[in-house]
Amino acid sequence: MTCRCLPISSLVVSLCWMSRRFRNSRPSENPLKPRWKPCRQNETAFRKPLVRRRRNGEDTAPIMATVSDLGTQLDHQKVVFDEAAQALQAVLMSLPNIPDDTVPEGRDETGNVEVRRWGAPRDFDIAAQDHVSLGERGGLMDFDVAATMAQSRFVALKGELAQLQRALTQFMLDTHVNEHGYQEVYVPFLVNEEALKGTGQLPKFGDDLFRVDLERPLYLIPTAEVPVTNLYRDRILGMHDFPIKMVCHSPSFRSEAGSYGRDTRGMIRQHQFEKVELVQLVPPEESEAAHEALTRHAEAILQKLELPYRVMNLCGGDLGAASSKTYDLEVWLPGQNQYREISSCSNFKDFQARRLQARYRIETNAKPELVHTLNGSGLAVGRTLVAVLENFQDDQGQISVPDALRPYLGGKTRLLAH
RNA sequence: GGAGAGAUGGCUGAGUGGUCGAAAGCGCUCCCCUGCUAAGGGAGUAUACGUUAAGAGCGUAUCCAGGGUUCGAAUCCCUGUCUCUCCGCCA
């Protein structure tokens with residue numbers, strides 16, 4: 001099995017704890033083995049005589065005493081069982097997913113393996129500008145004003161840049177709906193704790209979430225994955241329901257706690273960004289193929305936009321806790337002279353489904369099985385805007401519009417042409 | 001935000017402390033009957049989990065959720081959630 005470097009210490013602690021508490025105890029002491037059955041049976045057995053005596057006006061005290069005692073024992077057994085079950089549940093919920101066999105070894109992003117590469121970075125006669133200097137020209141991309149009304153890591157877009165973002169969004173949605181067969185969905189952008197547990201953001205990774213403090217807290221979604229996947233919470237699907245392929249445009253909100261000093265310039269790392277998300281629910285035997293297909297669907301956007309990119313197979317140490325296997329798509333950014341993540345396509349297998357209780361049956365009376373869930377950005381719109389600006393700039397700081405995007409910009413071929 | 005009414009099985013809808021996993025109807029499944037037929041009769045029919053070769057049997061849980069009262073809760077009490085009606089407000 002591939003090693004996950006980060007959580008391994010907690011894994012060891014957890015396993016030792018479980019083993020000590022449950023495995024090594026004798027069967028009769030295993031708190032997870034319910035022992036209230038005899039109590040319950042006796043209790044119900046006493047009930048009818050009790051009622052009969054009461055009806056007949058006979059003395060019920062002796063029976064009552066027995067029944068009462070049994071009830072006390074029963075309660076005690078239940079408490080012991082519930083505590084053990086909850087403790088076990090807490091441990092299980094904190095464990096990360098098991099990496100797929102094809103996940104490479106590695107402790108951080110340097111261990112990721114390039115799977116393929118598409119397109120070639122353009123040669124620039126003079127140094128390429130980054131999106132900030134391109135965008136701030138004419139005041140169409142304004143970080144300062146955003147910071148005055150909110151704080152840093154927010155942006156305001158105007159004019160052609162605001163339109164470009166809308167055009168990109170529309171283009172992505174249309175492509176996934178019309179060419180890749182996804183159903184467009186619209187969902188809440190604030191969700192409760194249960195929804196976040198269902199997709200694995202909680203309990204362990206709440207630091208990166210914006211919380212709205214109500215009597216019952218709500219959280220701004222860090223990705224549409226949360227509400228979209230939760231559409232199938234507690235559902236039992238039939239084979240005729242598959243494949244479930246959904247696409248959703250939404251804003252995403254991330255506190256970016258712990259990323260101080262990283263990507264502080266520009267739109268790469270923002271508290272609020274637009275994203276078009278792909279989500280699939282499939283039977284287990286189809287998830288591997290679905291993962292490849294979903295990744296290709298995200299890649300198709302980059303190809304249509306003529307943006308050079310590479311596909312990375314994340315190593316165990318860089319894998320998200322809920323994911324079993326993840327391909328990152330990294331787009332070429334001339335302004336940074338490097339590839340940067342623009343999409344993350346993951347196969348969660350049954351990890352989320354177990355938390356969501358999203359299941360299916362092969363036949364009407366068959367036992368329900370957990371589905372497999374997958375998702376990927378198709379794409380992160382903000383970063384796509386950055387990529388278009390930086391890759392399609394000319395020496396005047398003007399942007400030529402990729403062919404695929406022109407219908408969405410009223411036929412315009414150039415942006416920022418002042 | 002104010003006032004009120006609700007939440008029961010696939011659906012409708014009874015049930016105000018024990019014999020209730022829960023009447024009845026509809027729907028559905030199977031069987032039977034029948035030339036007046038867009039009909040009749042009978043039987044069956046909640047779900048999940050565990051156990052199991054098993055869709056058999058048995059066990060456990062579930063009448064919105066969580067707590068409480070009680071020997072015992074669909075039923076009584078508290079809290080929450082959601083739905084509906086009226087008013088207010090609002091995109």
Side-chain angles (χ1 to χ4, degrees), chain A residues 18 22-23 25 27-93 166 186-198 202-203 211-221 226-227 230-241 249-251 281 283-284 350-371:
Chain A
M18 276 200 292
F22 300 121
R23 294 284 170 76
S25 60
S28 63
E29 291 174 353
N30 186 342
L32 287 178
K33 201 97 177 175
R35 275 173 294 152
W36 63 62
K37 192 180 287 184
C39 300
R40 166 67 78 190
Q41 281 172 341
N42 290 333
E43 191 195 24
T44 48
F46 275 113
R47 182 159 304 157
K48 289 191 179 182
L50 176 67
V51 172
R52 195 174 57 244
R53 279 174 178 250
R54 189 123 165 258
R55 293 268 156 90
N56 295 340
E58 300 170 29
D59 183 20
T60 58
I63 277 187
M64 289 275 271
T66 311
V67 169
S68 178
D69 181 51
L70 285 169
T72 308
Q73 290 181 39
L74 184 59
D75 288 345
H76 175 68
Q77 294 294 335
K78 275 187 171 170
V79 168
V80 170
F81 174 79
D82 287 347
E83 281 178 357
Q86 276 178 26
L88 177 60
Q89 189 64 20
V91 172
L92 294 178
M93 285 292 283
R166 179 162 55 84
Y186 175 80
V187 291
F189 301 153
L190 286 160
V191 297
N192 60 34
E193 194 176 306
E194 287 307 306
L196 288 154
K197 282 181 179 171
L202 290 176
R211 192 177 69 203
V212 180
D213 275 317
L214 305 169
E215 314 81 73
R216 301 228 319 187
L218 290 174
Y219 299 80
L220 287 165
I221 57 170
V226 178
N230 268 275
L231 289 171
Y232 288 89
R233 163 181 290 279
D234 290 328
R235 290 274 301 274
I236 298 180
L237 303 162
M239 293 305 284
H240 58 276
D241 293 314
H249 162 234
S250 84
L281 277 71
D350 61 10
F351 185 91
Q352 294 181 327
R354 182 172 294 107
R355 287 157 174 75
L356 290 163
Q357 285 298 295
R359 295 176 289 177
Y360 77 105
R361 307 178 215 273
I362 296 174
E363 296 170 2
T364 313
N365 291 318
K367 180 181 160 70
E369 307 281 355
L370 295 169
V371 302

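For clarity, every value in this text was computed on a predicted model and none was experimentally measured. Numbered from 1 within each chain, the chains take letters A, B, ... in sequence-line order.
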One should report the stems of RNA chain B, each a stretch of at least three consecutive Watson-Crick or G-U pairs at distances under 3.5 Å, as B:1-7 with B:81-87, B:10-12 with B:24-26, B:27-32 with B:40-45, B:46-51 with B:57-62, B:64-68 with B:76-80
Integer angstrom distance from the P of rA61(B) to that of rA73(B)
11 Å
Applying side-chain contact (heavy atoms from CB on, under 4.5 Å) to Leu190(A) and not counting sequence neighbours gives Val212(A), Leu218(A), Leu220(A)
Are Ser250(A) and Ile221(A) packed together at the side-chain level, in the sense that at least one heavy-atom pair is separated by less than 4.5 angstrom?
yes
Asp241(A) side chain vs Leu237(A) backbone, donor-acceptor pair below 3.5 Å: no
Can you check the distance between rA65(B) and rC26(B), where both ends of the measurement are the C1' atom (answer in whole Å)? 29 Å
Between rA23(B) and rU12(B), how far apart are the two C1' atoms, rounded to whole Å?
13 Å
If I pick the C1' atom on rA46(B) and the same atom on rU8(B), what distance separates them, to the nearest angstrom?
12 Å
Original post:
Does rG50(B) have OP1 or OP2 sitting under 4.0 Å from an N or O in the side chain of Lys367(A)?
Top reply: yes
| request: Could you give the distance separating rC32(B) and rA24(B) at their P atoms, to the nearest angstrom? | output: 25 Å
### Message
Rounding to an integer number of angstrom, what distance separates rA53(B) and rA38(B) when you compare their C1' atoms?
### Response
47 Å
Discussion item. For the C1' atoms, the ones on rG17(B) and on rA56(B), what distance do you get once it is rounded to whole angstrom?
Written reply: 36 Å
Suppose you measure atom P in rG2(B) against the same atom in rG88(B); what distance do you get, rounded to whole Å? 15 Å
Applying ring-ring contact (aromatic ring centres under 6.0 Å, His included) to Tyr360(A) and not counting sequence neighbours gives Phe242(A)
